[in-house]
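Residue numbers start from 1 in every chain, and the chains themselves are labelled A, B, ... in the order their sequence lines are given, proteins ahead of strands.
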Amino acid sequence: MADNKFAAYICSGCGIGDTLDIAGLEKIATREGKMALVKSHPFLCNAEGVQLIKDDIEKEAVTHICVAACSRRAKTEAFNFPTVSMSRANLREGVLWVVAEGAEHDEVRQEMAEDYIRMGCAEVKKMSLPQGNAKRDQTQNKTILVVGGGMSGMTAALASAEAGYEVALVEKTAALGGFAGKLWKRVPFSSPYADPQATGVAEMAAKISANGRIKVHLNTTVAETGGAPGRFKVKLAQESGVVNDMTVGAIIQASGFTPYDMAKLPELGAGQANVVDQAGLEAMACAANGGAIKRADGKEVKSVVFVQCAGQRDETGTHLAYCSGHCCATSIKQAMYFKDANPEVDTVVVYDDLRVPGMGEDFYRSAQKKGVVFTKGKASKVTGGDSCKVEFTDLILDEPTSVDADLVVLATGQVANAGVNLDAWTEVNTAAEGGNEEAKQKRSEMKTISVLNLDYRQGPDVPQFKYGFADSHFICFPYETRRTGIYAAGPMRRPMDMLQATEDATGAAMKAIQAVENAAQGRAAHPRAGDLSYPIVRLEGCTQCKRCTVECPFGAIDEDEKRFPVFNEERCRRCGTCMGACPVRVISFENYSCDTVGMQVKAVNVPDEDEEKPRILILACENDAYPALDMAGVQRLTYSAYVRAIPVRCLGSVNTIWITDALNQGFDGVMMMGCKKGDDYQCHFVKGSEMAYYRLSKIGDTLTQLGLEPERVVTEEVAITDNARVAKLINDYAAQLNDLGLSPMKGFG
Amino acid sequence: MAKKQYAFYPGCSSQKGASAANYIASFGVMCDKLGIQLNEVPDWNCCGASIGYGEGGELPRMVLNARNLAIAEKELPGQDIVSGCPACWLGLREAVDRLHEHPQMKTDTNEALKEVNLTYQGTSNAKARHMTEVLIEDIGYEAMKAAVVKPLDGVKIAGYVGCQANRPYGIAGESFENPLYLDRMIEAVGAEAVPYEQKVACCGGALAFSEPEKSQNLIRQIVESAYDNGADMIATPCPLCQANVEIYQAEINKKHGTKLAMPVLYYSQLLSVAFGGSIKEAGLNGQLLRAEQLEKIAGK
Amino acid sequence: MTASIATGQTILVVGGGISGMTAALEAAECGKRVILVEKTPSLGGRTAQLYRYFPKMCYPSCGMEINLKRIKGNPNVRVMTMTEVTAVSGSRGNYAVTLKVSPRYVTENCTACGECGKAVTSEVADTFNYGLSKVKAAYLPNAMAYPQRYVIDPSIAGTAEGEAAKAACKYSAVDLGMKEDTVQLNVGTVVWATGWRPYDANKIQPYGYDRFANVITSVEFERLCDPHGPTGGKILRPGDGKEAKNIAFIQCAGSRDENHLPHCSRICCMASLKQTQYVREAYGEGENAGKSTIYYIDIRAIDRFEDFYQMVQKDPTVSFVKSKVAKIVENKENGNPILHGVDTEGYHRYDTEHDLVVLAVGMEPEVTGVKLPDDIILDSSNFIEGSKDGGMFGAGAASSPLDVNRAVQSATAASLKAIQVIHKTASTEAA
Amino acid sequence: MSDLNTQAVARYKNNFLREVEERVEEGNMVKMCMQCGVCAGSCPFGPHWQHSPQKIFMMIRAGKREELLTSDSMWMCTSCYNCIVRCPRKLPITHIIHGLANYAHRLKLVPKGQPTRDVTKLFWDNLMKVGRINELTFSLALYFKDGLVQGIKNSLAMQSAGLGLLKAGRLNPMEIFGGHKCKEQSGIHRMIAKAREIEDGRRGLLA
């Protein structure tokens with residue numbers, strides 16, 4: 001390996017040179033930053049400036065550079081030097097644009113800039129160029145495993161195969177089709193949205209069997225899953241008891257849903273004659289094969305009532321709290337079964353809100369045209385029998401009423417087949433590991449519903465959101481489950497209709513393909529897509545405390561028999577939560593470590609007490625809080641020149657050593673800025689900020705030991721739009737510290 | 001220049017000595033100056049109006065209109081059939097639409113028309129139109145403006161479009177809530193169009209006869225809004241609107257102690273005066289509430 | 001004219017909103033080459049103009065930051081802004097595409113230092129704020145704009161103002177001589193992520209959007225509530241700048257209406273429910289509380305959104321009226337809109353005065369600057385279903401009225417469909 | 001109760017919606033209503049409707065036959081067409097309401113003295129005489145519809161208006177002796193009789 005050579009480049013453009021003493025900054029970079037080369041340029045991001053740097057890299061063998069110019073978020077195309085390590089000292093958005101104008105601020109402004117130069121130099125010295133996953137030759141498997149042979153699974157399998165990937169499609173029953181296979185027809189997928197369409201299941205199944213890239217495993221379940229993207233090891237268990245080992249690159253879980261058990265709805269006639277759920281009606285329609293639909297007693301149905309939201313949208317906590325999204329359209333479709341066979345059949349849909357978004361409105365209109373009657377009402381009681389009765393409140397006519405029918409169909413909704421709930425699992429598993437026999441028994445019972453049987457430290461299935469659906473980074477990044485390389489598709493991750501399930505499955509296939517391609521190149525998956533760094537652990541220093549294995553939001557770290565962490569780099573999303581969690585600081589990344597940040601903290605020049613210049617350290621999430629700070633600058637909002645801000649990958653990666661170091665060194669206050677946690681979390685690493693808050697809630701003890709006030713360390717939830725708020729937060733905090741007085745630690749550092 | 005030819009369906013109220021006699025009177029000068037030739041449909045019958053529904057039923061009312069259409073088709077081939085009365089126009093136009101859309105309705109209608117030895121073909125491009133459509137679409141605001149010899153300077157007029165001249169068809173390109181064509185016509189003759197809230201409000205229509213209190217309440221709102229916004233008079237394209245809003249002002253005054261006396265005119269009367277028509281030619285002598293400002297201009 | 005710069009292995013993504021960015025990035029992160037064209041000067045599309053998302057009440061710019069970071073770090077994506085597709089010929093696997101690139105008058109030298117903006121005095125309507133405010137004729141489209149480069153409005157390109165902007169730039173980044181350019185390229189597949197536009201509220205005549213100042217649209221309300229918007233996040237009504245506290249939200253403004261848009265636009269119920277929470281946050285719950293009233297036909301808070309609906313239902317500052325508002329008139333005294341209609345749950349007539357009315361306007365496919373090839377298959381509301389030759393795809397709101405989450409799913413799926421085309425082409429070329 | 005009504009009840013049992021679909025003008029569009037209520041809010045006589053149009057459509061689906069047909073709600077229609085142009089489902093509401101009124105009238109279920117029903121009958125009868133409306137005889141009939149005494153009162157109340165119209169040449173006293181008329185009167189009578197026969201046949205209303 002060649003010797004490291006460090007260089008700093010200071011831009012004097014955008015007014016930096018007009019306001020700051022560039023020569024002074026150069027001096028700092030040379031003397032304190034110990035940079036071998038220090039150059040300034042009036043317009044560093046233009047072709048000439050960039051060439052200057054390139055020339056030094058080529059001709060002077062520079063290996064590490066500190067670019068002191070604008071924010072690391074700006075001019076990324078210009079300052080793109082993939083062969084060297086680079087830090088960015090933020091002189092423009094971080095200093096020039098946020099420190100109040102005027103000569104009276106010259107001194108503090110210059111000090112701030114000097115510190116950022118010091119920090120940039122200190123950081124880059126501890127960085128090395130990421131080499132990618134060293135074991136990537138072992139992560140070259142690109143087969144896509146699809147678990148579940150219903151509409152979602154079949155779609156995902158075909159979508160992957162048609163893009164050129166090998167697919168293993170596992171279905172626990174004897175045939176493909178899943179729930180869709182039991183339908184008479186489906187809600188239409190395309191214009192005109194007027195009539196039920198053939199399900200297309202048979203055609204898809206035929207296409208799958210004709211596709212040489214897809215291997216179908218019927219009567220098969222996944223008995224065990226280990227490994228990581230590019231090298232998942234799965235055991236496929238056949239009903240016969242035969243178990244086959246297989247290596248796959250990525251997994252799509254399309255384990256579907258189960259209709260909500262109508263037996264739980266006795267008040268709606270469950271268990272009584274001629275009261276069925278939507279699945280039951282599908283069976284009757286399949287039996288009728290396009291002819292008149294007949295009841296169990298053989299009588300032709302002449303009148304039918306559909307009761308919407310049966311056991312759904314329940315606010316009492318007894319039944320499903322959510323809406324299953326598809327049931328309105330499904331009932332419309334089913335009412336059409338009757339009307340299309342015989343327009344004389346009376347079909348009534350009792351609904352509260354008719355939810356047929358998008359082109360579903362056409363389908364609704366078509367049903368009305370066919371004579372399906374829609375009544376806005378809330379059903380209170382259904383009585384089955386030869387003549388069924390639905391009692392309901394007519395919400396338009398504002399009165400209790402009832403309607404008789406030969407058959408009543410309850411629209412009961414979807415329950416996700418997402419496997420084991422990990423929160424419940426963790427509790428039981430901890431007890432079981434502690435030797436509790438009852439818990440051991442419970443644990444094996446729980447496992448019977450597992451879909452993937454992951455051998456992960458954090459449990460056998462993907463984490464779930466509320467109501468048992470698979471979690472994802474909902475809204476912007478819907479496919480980001482917390483198990484890298486495993487993508488949820490279809491109604492196991494959100495209630496949905498068949499059309500959406502096919503879209504969803506195609507999207508999941510896209511992500512699975514991406515996962516295998518990234519694994520093959522040793523790169524991170526979203527949200528740090530393409531990141532070649534990966535966690536390196538010095539096991540010799542490890543105390544087997546398990547913090548990292550517990551806290552990793554992605555279940556990337558398992559434990560060996562001696563309880564040492566086993567890192568699965570391909571599962572890792574590079575958030576650094578493990579690094580933040582590690583009390584002995586043995587986990588690091590090549591370009592982001594306890595040292596790269598710690599040395600920045602230490603590089604800050606903390607003035608003596610008598611100078612009365614406090615210092616505030618900000619550790620800001622690079623995804624949201626740091627951009628907010630930047631944009632405060634873009635909008636020329638001013639904040640205290642006493643702050644020194646360091647971007648971190650995620651607040652979860654903040655190691656408390658940085659805070660204690662800062663306080664020991666005489667910093668007067670530390671502000672942590674991270675994303676919102678909880679159900680509506682905004683953390684891109686899902687649990688990263690939550691972990692950080694948890695960890696930092698315990699910092700009080702440390703402060704007490706140091707004899708410091710608790711206000712010396714604060715945590716704030718900062719959103720990316722909080723530019724104005726962030727400036728105010730800083731200024732308020734500065735004022736608060738002013739009242740508190742300077743840190744007593746000054747001078748001891 | 002040859003005059004533009006139209007089949008003309010005056011309707012019952014626009015006959016001599018009927019309630020809209022002043023309306024039809026004002027057509028003379030207006031059509032003459034604008035080069036419009038109206039050819040009356042021979043032996044036309046009543047359209048049935050909307051109010052005919054209770055007793056008449058659907059097909060009988062359809063057939064009434066179809067007879068007029070069939071005569072026009074036969075006697076005045078190719079000519080658009082024009083009426084000044086929105087109810088008449090609506091009757092014709094709805095008939096044309098429905099007879100086109102529903103073959104069964106057309107068969108039934110022609111079956112009944114056999115009794116008068118007529119058949120409605122509906123094959124020509126002749127359209128059922130309101131007089132204002134002819135003025136706006138065939139003549140144009142500019143031509144109307146050009147024909148003005150006595151601009152109605154300083155007269156503030158609330159254009160009252162009402163219901164059936166506006167809905168469900170209205171004038172192409174105009175909105176149902178705020179049609180501007182009447183205002184533009186008012187401006188074309190040099191008067192000032194007054195914006196007010198009741199431009200497309202209902203006067204009660206035929207229910208002015210059966211539900212006088214309820215209708216007069218609507219009429220009062222219309223007139224008061226015109227007053228509040230500084231109008232000197234109201235102008236309308238509808239005989240029923242004109243009659244209701246004009247005639248019942250005295251009733252309202254009697255019942256509520258108001259002092260409503262807002263002249264209510266037809267757009268055609270404005271045009272007639274502006275084009276140089278006399279008081280009589282413009283039908284101004286046919287007003288219950290005389291429009292003195294206009295009479296002054298016409299009398300000059 | 002610029003020569004061909006791509007091949008049949010390239011994916012063209014049209015539209016740089018969240019769907020287009022997603023479609024482009026998912027393919028690029030699989031190693032595919034992608035050209036992403038956007039007609040406006042910066043990426044982000046309509047989601048960038050939203051203040052917050054339902055139901056998490058989080059910020060669109062948060063995901064935008066990640067997506068921009070992905071784009072900045074990925075050499076496989078080439079972004080072309082101010083670019084429209086004017087023609088597409090050829091077929092699946094081999095399309096010839098003509099692009100029109102409008103002049104920005106600012107080159108890559110721009111450092112976004114802002115000096116040109118300071119030098120210019122004339123202002124143009126700020127389209128980012130739906131015209132609710134003005135912006136200098138030399139401007140950065142928004143605080144997060146990518147490319148982070150200024151734009152000079154064509155209206156000052158040939159004027160002294162333009163020259164002033166040029167003179168103010170120390171980095172020679174202003175080029176007033178820029179001309180419209182035409183670019184030809186060959187691509188294997190096209191993803192149309194051309195997005196949506198709010199239905200023209202002027203057409204919904206009974207609501208008087210064109211006549212009453214205090215009747216605004218839901219997209220405008222997003223800008224009003226955004227601290228980066230024209231009022232700094234204060235809910236000030238346009239009529240007189242007064243604080244609006246009693247706000248009506250009218251659902252299905254254009255949607256589910258055969259006179260306007262026959263389809264349901266899906267997002268509007270949730271958007272209004274979300275916006276009631278802006279009002280709540282602005283005024284709190286106590287004495288000073290604001291008041292939101294939602295006038296609706298059906299509340300379509302489907303699947304997990306139901307939670308949000310139930311939460312809002314429990315909010316004492318929000319009430320619901322099941323009614324399509326018949327018409328709005330203006331109280332001339334105070335400029336307040338008065339809503340007339342009937343609550344159909346039990347037949348209750350109302351004429352209710354509010355400070356401000358927000359029309360939850362529907363979604364229709366964007367057509368401005370969008371020229372779809374004849375080969376595209378459209379549904380009855382002109383959303384894209386696909387192409388006859390199977391080589392082009394709709395993504396996001398161009399394909400259906402979708403919320404952001406579903407648009408991203410749709411775009412991810414479209415990305416794979418595009419890759420399938422590329423894969424087929426590659427297999428054929430290899431054979 | 002009329003024979004026609006008894007016949008209808010027997011024929012349709014509880015299926016009022018089907019009855020309306022088969023027997024009422026544009027009745028087959030009733031099912032397309034989605035209960036938004038824009039019609040109810042758009043009607044100038046709205047507050048006077050015991051049951052608003054949208055509610056009427058719901059009553060039809062709910063089988064509230066007697067309650068609806070004996071009410072005077074559908075006699076409140078001024079034919080302003082506001083509901084039609086605003087209806088998001090393009091229901092021809094005005095026509096349906098007219099049709100319902102006509103149907104109730106045919107079945108003799110309308111409350112006695114319902115003024116709009118009386119007006120529409122007088123109007124129709126008047127026009128059927130000579131093929132055109134004779135405004136004078138129509139007005140007089142209107143005034144005297146509730147008897148001689150009330151008629152004189154009504155005439156006196158509107159005397160000044162009548163005189164005004166007379167003076168203005170917009171009311172011709174000579175019309176009392178006939179006035180404007182169609183030449184083909186008997187043909188028109190036959191034509192209308194035929195039309196009614198066809199329509200009643202289609203609607204199963206032939207006695």
Side-chain angles (χ1 to χ4, degrees), chain A residues 13-15 43 45-46 74 76 159 162-164 190-192 313 315 321-325 353-362 395-396 398 474-479 494-496 503-504 506-507 509-511 513-514 517 527 529-530 623-624 627 631 634-635 680 682 684 719-721 724, chain C residues 18 26 29-31 53 56-59 61-63 65-66 70 72-74 109 111-113 143-144 148 170-171 227-228 256 262-264 266 298-304 306-307 310 344-347 379-381 385 400-401 404-406 408-410 412-413 415-417 419-420 423 427:
Chain A
C14 290
F43 186 13
C45 63
N46 81 350
T76 47
E162 281 169 14
S190 58
S191 252
R313 300 179 65 189
E315 293 184 56
Y322 53 89
C323 153
S324 294
D353 292 286
L354 203 80
R355 292 179 168 173
V356 282
M359 306 311 289
E361 190 71 16
D362 279 0
L395 294 170
I396 297 297
D398 200 19
F474 182 45
I475 304 186
C476 289
F477 307 107
Y479 291 103
R494 186 175 181 178
M496 61 178 77
E503 283 274 294
D504 193 27
T506 311
M510 171 81 248
K511 296 304 291 189
I513 288 168
Q514 212 178 67
E517 293 298 340
N623 300 310
D624 291 77
M631 281 186 286
V634 172
Q635 296 189 321
D680 289 335
Q682 287 164 30
H684 288 284
I720 190 164
T721 46
Chain C
I18 193 155
E26 297 304 343
E29 288 176 7
C30 250
Y53 284 146
K56 285 171 71 176
M57 300 305 284
C58 56
Y59 303 89
S61 38
C62 167
E65 173 75 12
I66 296 286
R70 291 166 80 188
K72 289 173 192 174
N74 198 318
N109 274 351
T111 66
C113 72
M144 276 188 75
Q148 196 187 25
K170 291 179 194 141
Y171 311 107
H228 298 169
R256 301 184 67 186
H263 59 268
C264 160
R266 184 190 285 271
D298 293 284
I299 294 289
R300 292 185 165 169
I302 75 162
D303 60 56
R304 66 194 284 183
E306 175 71 16
D307 276 1
Q310 288 180 10
T344 62
E345 280 197 352
Y347 187 20
D379 71 16
S380 55
S381 288
E385 286 188 344
S400 181
V404 173
N405 179 68
R406 285 181 169 81
V408 171
Q409 274 180 261
S410 157
T412 309
S415 196
L416 182 58
K417 292 174 195 164
I419 287 176
Q420 288 170 352
H423 169 70
S427 324

Counting heavy-atom pairs under 4.5 angstrom with chain A, the leader among C:S415, C:G73, C:C264, C:S381 is C:C264

Tell me if a side-chain donor or acceptor on A:Y479 pairs with a main-chain N or O of A:A509 at a distance below 3.5 Å. no

Can you sort out the partners of A:D624 under salt bridge (Lys or Arg N to Asp or Glu O under 4.0 Å), two or more places apart, ordered by chain and number? none

Measure C:S61 against the heavy atoms of chain A and call it side chain, backbone, both or neither at under 4.5 Å. both

If we only count heavy atoms from C-beta on, is the C:E306 to A:R355 side-chain gap below 4.5 Å? yes

Looking at NZ of C:K170 and CZ of A:F43, how far apart are the two atoms once the value is rounded to the nearest 0.5 Å? 11.5 Å

Quick check for you: among A:D504, A:N623, A:V356, A:V634, which has the greatest number of heavy-atom pairs under 4.5 Å with chain C? A:V356

Counting only non-hydrogen atoms closer than 4.5 Å, does C:I18 touch chain A with its backbone (N, CA, C, O), its side chain (CB onward), both, or neither? side chain

Counting heavy-atom pairs under 4.5 Å with chain A, the top scorer among C:Q148, C:H263, C:M57, C:E29 is C:E29

Does any non-hydrogen side-chain atom of C:R266 lie less than 4.5 Å from one of C:R406? yes

Using a cut-off of under 4.5 Å for heavy-atom pairs, which of C:N405, C:D307, C:T111 has the most such pairs with chain A? C:N405

Is it the side chain or the backbone of A:R313 that comes within 4.5 Å of chain C heavy atoms, both, or neither? both

Is any side-chain heavy atom of C:C30 closer than 4.5 Å to a side-chain heavy atom of A:M510? yes

Per-residue tally against chain A (heavy atom, under 4.5 Å) across C:P401, C:G63, C:A112 peaks at C:G63

Sort A:A159 into side chain, backbone, both or neither according to what part of it lies under 4.5 angstrom from a heavy atom of chain C. both

Under 4.5 Å, counting heavy-atom pairs only, tell me which of A:G358, A:A719, A:G360, A:P627 racks up the most with chain C. A:G358

Side chain from CB out, backbone as N, CA, C, O: work out which of these in C:E385 comes under 4.5 Å of a heavy atom of chain A, or both, or neither. side chain

Using a cut-off of under 4.5 Å for heavy-atom pairs, which of A:G13, A:P192, A:G325, A:P478 has the most such pairs with chain C? A:P478

Salt bridge or not for C:R70 and C:E26, using N-O below 4.0 Å? yes

What distance separates C:I299 CD1 from C:Q310 CD, expressed to the nearest 0.5 Å? 12.5 Å

Counting heavy-atom pairs under 4.5 Å with chain C, the top scorer among A:S190, A:S324, A:G530 is A:S190

Do C:R304 and A:F474 form a cation-pi contact, if we require the NZ or CZ to be under 6.0 Å from the six-membered ring centre and within 45 degrees of the ring's axis? yes

Choice from A:Q635, A:K511, A:E315 maximising heavy atom contacts with chain C below 4.5 Å: A:E315

Under 4.5 Å from a heavy atom of chain C, the part of A:C45 involved: side chain

Highest number of heavy-atom pairs under 4.5 Å with chain C: which of A:N46, A:D362, A:D398, A:I396? A:I396

For A:Q682, is it the side chain, the backbone, both or neither that has a heavy atom under 4.5 Å from a heavy atom of chain C? both

Go through C:C62, C:S400, C:P227 and name the one with the most non-hydrogen pairs under 4.5 angstrom from chain A. C:C62

Within the 3.5 Å criterion, strictly below it, is a donor on C:K417 or C:Q420 matched to an acceptor on the partner's side chain? no

Residues passing the salt bridge (Lys or Arg N to Asp or Glu O under 4.0 Å) test with C:D379, sequence neighbours excluded, are none

Residue A:T721 versus chain C: region with a heavy atom under 4.5 Å: both

From OH (C:Y171) to CG (C:N109), nearest 0.5 Å: 10.5 Å

